[in-house]
Amino acid sequence: MVPETKGLEKRMENVEVSWIEKIKPHAELIAAGMSGLLILAGWLLDKYGQGTGSIIAYLMAFVIGGFAKAKEGLEETIENKELNVEMLMIFAAIGSSLIGYWTEGAILIFIFAVSGALETYTMNKSHKEISSLMELQPEEALLVSNGYEEKIPVSQLCIGDQILIKPGERIPADGVIMKGKSTIDEAAITGESMPISKGVNEEVFAGTVNMSGSITVSVTKESNETLFQKIIQLVQSAQSEKSPSQLFIERFEGTYVKVVLLVVLAMLFLPHFLLDWSWQESFYRAMILLVVASPCALVASIMPATLSAISNGARHGILIKGGVHLENLSHLGAIALDKTGTLTKGKPEVLEVVVREDLDKEEIIWGAASIESHSTHPLAQAIVKYAKDSIDKELFYPESLEDVPGWGVTAVIQGNQWKIGKAAFVGKEVADSFASGKAKELASKGSTLVYIAINGELCAIIALKDVVREETKAAINQLKKQGIHTIMLTGDSEKTAKAIAKESQVDEYFAECLPETKVEYVKQLKSKYNNVAMVGDGINDAPALATANVGIAMGGGTDVALETADIVLMKNDLARIAEAVNLSKRMNKIIKQNVIFSITVIMVLICSNFFQFIDLPFGVIGHEGSTILVILNGLRLLK
């Protein structure tokens, strides 16, 4: 009986903790609601002659509605040794009650509590992407070892471990598929809703969903170094970093609060002596000034809008590391883009195969692919892929095979001596004259040429090229429409760079760039265009990414590029840059609207109070109403 009682007590404790956790995010809103109900109760009690009861109800409304903001204000004042907006509101509410305006003071606290709850909602909404991401990563993995399966915590996985992921399960770690084929939903990583088919030797990421088949994956990264964890860290750092506008407002707030308090102090006495106001009128107008001059709306103009924009970007696969970077995007004059892996796919593809007329093209490709299948060189892999896609034959193992470093490869097939490699490897003069000088024409288009000779006679040329991404032209044109000058930076030769630049439609290009050369070019662009972004994906791009005003990394790039960049495009989609620029422009537009609106409201209310046109209730509604409006305006960026 005792164990059952203990078990019941534990379950009750768990239910209680669960209930508290559920209402915690809504605590401020609940407190504001209760404050509103108490104000209504106080008003009704006052109406029916229950003065003492109404004051008690109003006092409770003060405490319940104002506790969170009062606590925040006091803590910040003590920590920063600087008065803030929250303290002004406390003084205004106390002042209102001292002159008998209990209802107005309570309403002030109520509306202030509502605006605070809205701001907290914005924060929670922006944190929601992180929370939902954290929930997506499995806590356990199915380890396969010596034919046995064992469930272990993800944190215990080591590089090289093999894990089994069944259909419908989330992938617990970054890795490479060793066995099986499946469709993977990568929406959590890339923001792309369409699942992708993946097979052996293809990469998978933690947090994505295995949809159709069982796959065995070899772990390639520790649990705390996965792409998934990097996304979480990036968004967390973004939410803690403040934009220049926000930092200015925060510095301005402390000085402004002091000025307001001095003016309020002066208004308590000067109008009585200079304008013949009664002491009660002077005190009353001073309290209204304390309310309407408070910069609540101005302070709330920026942070909710910035957090909403960062949250929106994260939801669409654009990870922004801070408000300052998002703010800078709308002022871009130029954008420099790395070629390989950014403008292009980063992997060569066979564009054309030119074979001597008396030979069978399919046989030549089949033989070349069979030889190249034993090499890990990107050009060799591209030739093998081309053969597999175009010829329905199994590749074979040559009779002999020898790699000649820096030149190519030699092999023997059915007694024939094959050579595959550079022009000089098969004979430069013969290569230049082959097929009526076809090599020169292909090279002018930016192609890399691989020559095939059999028994000393040149038989074929294979033209390969790092192909421009399908979305590149559209993305570049979108940037141009926004008035941004586009520049390509590449380590490739002048000839290749010129061909790729023309195809991708960039405004300008610089060829044969080393990492330090890219940095110099970015510095030159900054002096010419003031605000410059750099887009890259490799280790060699990291210095230039750090030098630019805004560094943008492709999500499929190296860890160094991801860590150095200010913005990461998780889907490797260049079109997202234009989206990010539009988001930045929208954010800055909304911030300007909020700032102008809040300053205008403050000025109108101050003037109205000085000329005795406005009473405390309308001052409270006008001031706090404007705060709620600017927060709601900022929340529009969530969509």
Side-chain angles (χ1 to χ4, degrees), residues 190-192 309-310 312-313 316-321 324-346 466-490 492 497-511 513 518 521-538 541 544-557 561 564-589 637:
T190 64
E192 177 57 54
I310 290 172
N312 185 330
H316 292 94
I318 307 165
L319 298 186
I320 303 152
K321 294 186 183 178
V324 58
H325 312 304
L326 186 58
E327 199 168 296
N328 283 338
L329 269 182
S330 63
H331 308 303
L332 286 184
I335 185 164
L337 304 106
D338 172 53
K339 178 189 80 78
T340 308
T342 302
L343 292 174
T344 64
K345 292 181 179 179
D466 186 6
V467 182
V468 171
R469 293 175 184 271
E470 292 173 13
E471 70 272 13
T472 293
K473 290 178 191 175
I476 295 296
N477 286 328
Q478 283 177 343
L479 291 169
K480 286 181 179 180
K481 284 177 185 176
Q482 292 172 332
I484 300 170
H485 190 75
T486 55
I487 306 101
M488 181 183 79
L489 303 179
T490 178
D492 281 340
K498 187 177 180 180
I500 296 292
K502 186 179 179 182
E503 192 177 342
S504 57
Q505 297 179 359
V506 293
D507 295 315
E508 198 178 350
Y509 71 90
F510 296 108
C513 295
K518 288 184 179 181
Y521 281 131
V522 169
K523 285 179 180 176
Q524 288 175 27
L525 291 168
K526 282 173 76 175
S527 64
K528 186 177 179 181
Y529 295 100
N530 296 324
N531 209 311
V532 174
M534 170 69 194
V535 188
D537 71 331
D541 298 320
L545 289 170
T547 305
N549 299 95
V550 183
I552 304 172
M554 306 296 276
T564 308
D566 306 309
I567 296 170
V568 180
L569 307 177
M570 292 317 302
K571 199 193 163 193
N572 285 4
D573 186 354
L574 281 176
R576 302 282 185 188
I577 299 174
E579 282 183 32
V581 172
N582 283 330
L583 183 63
S584 172
K585 286 180 177 177
R586 278 182 64 208
M587 182 191 79
N588 287 340
K589 185 180 177 182
L637 285 164

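Because the structure is predicted, anything quoted here is derived from the model rather than measured. Worth knowing before you read on, the calculation uses all heavy atoms, side chains too, and leaves out hydrogens, waters and symmetry mates.
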Visitor: For Val467, does its backbone N or O pair with a side-chain atom of Thr344 as donor and acceptor, under 3.5 Å?
Guide: no

Visitor: Test Ile320 against Asp566 for side chain to side chain contact (heavy atoms under 4.5 Å, CB included), laying out the working first.
Guide: CA-CA 6 Å; Ile320 303 152; Asp566 306 309; over 6 Å; no

Visitor: Decide side chain to side chain contact (heavy atoms under 4.5 Å, CB included) for Asn312 and Arg586; before the verdict, give the C-alpha distance in whole Å, the side-chain angles of both, and the deciding distance to 0.1 Å.
Guide: CA-CA 12 Å; Asn312 185 330; Arg586 278 182 64 208; 4.2 Å; yes

Visitor: How about Leu343 and Val468: do any of their side-chain heavy atoms sit closer than 4.5 Å?
Guide: no

Visitor: Can you tell me how far apart CD1 (Ile552) and CG (Leu319) are? Round to the nearest 0.5 Å.
Guide: 12.5 Å

Visitor: May I ask you to test the Thr490-Ile500 pair for a side-chain heavy-atom distance under 4.5 Å?
Guide: no

Visitor: Minimum heavy-atom separation for Ala533 and Ala548, please, with both atom names.
Guide: C-CB, 4.1 Å

Visitor: Tell me the closest heavy-atom pair linking His331 and Asn531, and the distance in Å.
Guide: O-CB, 3.2 Å

Visitor: Do Asn477 and Gln505 have side-chain N/O donor and acceptor atoms under 3.5 Å apart?
Guide: yes

Visitor: Is there side-chain contact between Leu569 and Ile577, with at least one heavy-atom pair below 4.5 Å?
Guide: yes

Visitor: For atom NZ of Lys523, decide whether the heavy atoms of other residues, nucleotides or ligands shown that lie under 6.0 angstrom number more than 12.
Guide: no

Visitor: How many angstroms lie between CG in Leu479 and CG in Leu574, if you round to the nearest 0.5 Å?
Guide: 8.0 Å

Visitor: If you round to the nearest 0.5 Å, how far is NZ of Lys339 from OG1 of Thr472?
Guide: 11.0 Å

Visitor: Is any side-chain heavy atom of Tyr509 closer than 4.5 Å to one of Lys498?
Guide: yes

Visitor: Could you tell me the separation between the CD atom of Glu579 and the CG atom of Leu329, rounded to the nearest 0.5 Å?
Guide: 12.5 Å

Visitor: Can you name the closest pair of heavy atoms from Ala544 and Lys518 and give their distance?
Guide: CB-CB, 4.1 Å

Visitor: Dump the intermediate steps for side chain to side chain contact (heavy atoms under 4.5 Å, CB included) on Leu489 and Leu337, then the final yes or no.
Guide: CA-CA 6 Å; Leu489 303 179; Leu337 304 106; over 6 Å; no

Visitor: Are side-chain heavy atoms of Lys473 and Val506 found at a separation under 4.5 Å?
Guide: no

Visitor: Is there a donor-acceptor contact under 3.5 Å linking the side chains of Glu508 and His485?
Guide: yes

Visitor: Is a donor on one side and an acceptor on the other found under 3.5 Å between the side chain of Ser584 and the backbone of Leu326?
Guide: yes

Visitor: Rounded to the nearest 0.5 Å, how far apart are CG of Asn582 and CE of Met587?
Guide: 13.0 Å

Visitor: Testing the basics here: between Ile487 and Ala334, what is the closest heavy-atom pair and its distance to 0.1 Å?
Guide: CD1-CB, 3.9 Å

Visitor: Ignoring hydrogens, what is the shortest heavy-atom contact between Tyr521 and Cys513? Give both atom names and the distance.
Guide: CE1-SG, 3.6 Å

Visitor: What are the two closest heavy atoms between Ala578 and Gln478, and how far apart are they?
Guide: CB-OE1, 3.4 Å

Visitor: Please enumerate all residues that pass salt bridge (Lys or Arg N to Asp or Glu O under 4.0 Å) together with Lys480, with sequence neighbours excluded.
Guide: Asp507

Visitor: Rounded to the nearest 0.5 Å, what separation is found between the OG1 atom of Thr342 and the CE atom of Met534?
Guide: 7.0 Å

Visitor: Are the side chain of Asn549 and the backbone N or O of Val532 linked by a donor-acceptor pair below 3.5 Å?
Guide: yes

